[in-house]
Number of protein chains: 2
Amino acid sequence: MDAFVARCRKAGLAVTPQRLAIFRRLAATDRHPSAEELHAAVRREMPTLSLATVYKTLDALAGIGAVRPVSRLGARGRWDANLEPHHHLVCTSCGTVTDVAEPRLEAAARPAAALAARHGFEAAGHSVEIFGRCAACRGRRRTGSSPQHEGRATWPRR
Amino acid sequence: MDAFVARCRKAGLAVTPQRLAIFRRLAATDRHPSAEELHAAVRREMPTLSLATVYKTLDALAGIGAVRPVSRLGARGRWDANLEPHHHLVCTSCGTVTDVAEPRLEAAARPAAALAARHGFEAAGHSVEIFGRCAACRGRRRTGSSPQHEGRATWPRR
DNA sequence: ATATATGCAAAGTCTTTGCAATTCG
DNA sequence: CGAATTGCAAAGACTTTGCATATAT
């Protein structure tokens, strides 16, 4: 919690009761709540909290890397007809997703099935998501100088 | 394409021009389009196609495993304050996401950075998504007898 | 004091649903 | 022909935005 406050200060973000409550709640669960679930939960102790503030806060905290979306693939539905095992390079800057087929990555995830079984989980498949910056975005250079976390939940549409 | 038709027939899904066009388009790209992007694209050759049909079709095709959402994590935004490297067991039946920390998976995914670099991609991290059925859903038993693909894009909210 | 953040309400975007007309098997 | 599918329009769900008020530093 202290680290969180320090992080906010360092980034120039005001430390408000709302942000503290939202972060505390998110840090206390591993259930990967949605904005609405967080809102409902935090609201019990802070009944005036608005849903809009939850959205704004998550965005702000993701921006400083204090929090992150569960998947880097963005919040919108995207579809694939490629049923072969393959993995994804997800650009956290522009949001493009590039397929990669790499047998070594297959082997890599092999311990996964055993791991899953230990949780009583019946694994049907897996996929590896590698996130970072694509060639095009690297070429474009970073705009700012402050550390980039690029934790936004969605990206501009193509 | 023949395989697709066979798959529909086998599953008892009617083979309509709309479904053919949507599948053909999706199979022809690796850009992981959204429903709206597909609609726009297919519409050029089939101007009467409605967006609602695209949604219904993707859902139907995912149900027979002919198509799948890019991520099994669902289309809604979910958040995480756990910044430690960890992976996810995603239940394709109820949609719950369980964290797993497994050092061996870390090591195993090491070829990822090199792989990404070969694509001009600057990897910042990765995560492994293992999908299947969680213990609770296995206990609940399958309802039907036909093959389950459970490719739906979203799950009922908790 | 002043720049930021909050809360509200309205607007915007994405997705689902109900239903009559149409099409597939 | 009977069941399934389509297109439309309306409803629903989720997220963002503008702005006046309140708050953090």
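Two residues, Ala52(B) and Leu49(A), neighbour DNA chain C, and the one matched to the more 5' nucleotide by heavy-atom proximity is Leu49(A).
For the pair Leu51(B) CG and dT16(C) C1', the computed distance is 11 Å after rounding to whole Å. When the P atom of dC14(D) is taken as reference, atom CG of Asp59(A) falls 18 Å away, rounded to whole Å. Taking atom CZ of Phe23(B) as the reference point, atom P of dT5(D) lies 17 Å away to the nearest angstrom. Rounding to whole angstrom units, CD1 of residue Ile22(A) and C1' of dG7(C) are separated by 12 Å. In this entry the distance linking CD of Glu36(A) with C1' of dG12(D) reads 12 Å, nearest Å. In this structure, CG of Leu61(A) is placed 12 Å from C1' of dA5(C), rounded to the nearest angstrom. Rounding to whole angstrom units, NE2 of residue His39(A) and C1' of dT16(D) are separated by 15 Å. For the pair Trp79(A) CH2 and dC14(C) C1', the computed distance is 13 Å after rounding to whole Å.
Between Glu45(A) and Arg24(A), at least one side-chain nitrogen of the basic residue sits less than 4.0 Å from a carboxylate oxygen of the acidic one, meeting the salt-bridge criterion.
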| note | Its contact letters, B for base, S for sugar-phosphate only and - for none at protein heavy atoms under 4.0 Å, make nucleotides 20-25 of chain C read ----SS

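Residue Tyr55(A) has its side chain nearest to dT16(D) when only dA5(C), dG7(D), dT16(D) are considered. Distances were taken from every side-chain heavy atom of Ala35(B) (C-beta onward) to each of dG7(D), dT15(D), dT15(C); the shortest belongs to dT15(C). When distances run from any side-chain atom of Lys56(A) to the nucleotides dT15(D), dC14(D), dT6(C), the shortest one goes to dT6(C).
Within the 4.0 Å cut-off from OP1 or OP2 of dC8(D), not a single side-chain nitrogen or oxygen of Ser50(B) is found. An OP1 or OP2 oxygen of dT23(D) is reached within less than 4.0 angstrom by no side-chain nitrogen or oxygen of Gln18(A).
Atom-to-atom distance recorded for Ile130(B):CD1 and Leu115(A):CG is 6.0 Å, nearest 0.5 angstrom.
Checking side-chain atoms of Arg133(A) against main-chain N and O of Phe121(B) turns up no donor-acceptor pair under 3.5 Å. When atom types are taken as modelled, the side chain of Thr92(A) and the backbone of Gly132(A) share a donor-acceptor pair closer than 3.5 angstrom.
Side chains of Val54(B) and Leu49(B) form a contact here, defined as non-hydrogen atoms less than 4.5 Å apart.
Ring-plane geometry between Phe4(A) and Phe23(A) is classed as parallel, the angle between the planes falling under 30 degrees on a 0 to 90 degree scale with a further cut at 60.
For His32(B) and His88(A), the ring centers sit closer than 6.0 Å to each other.
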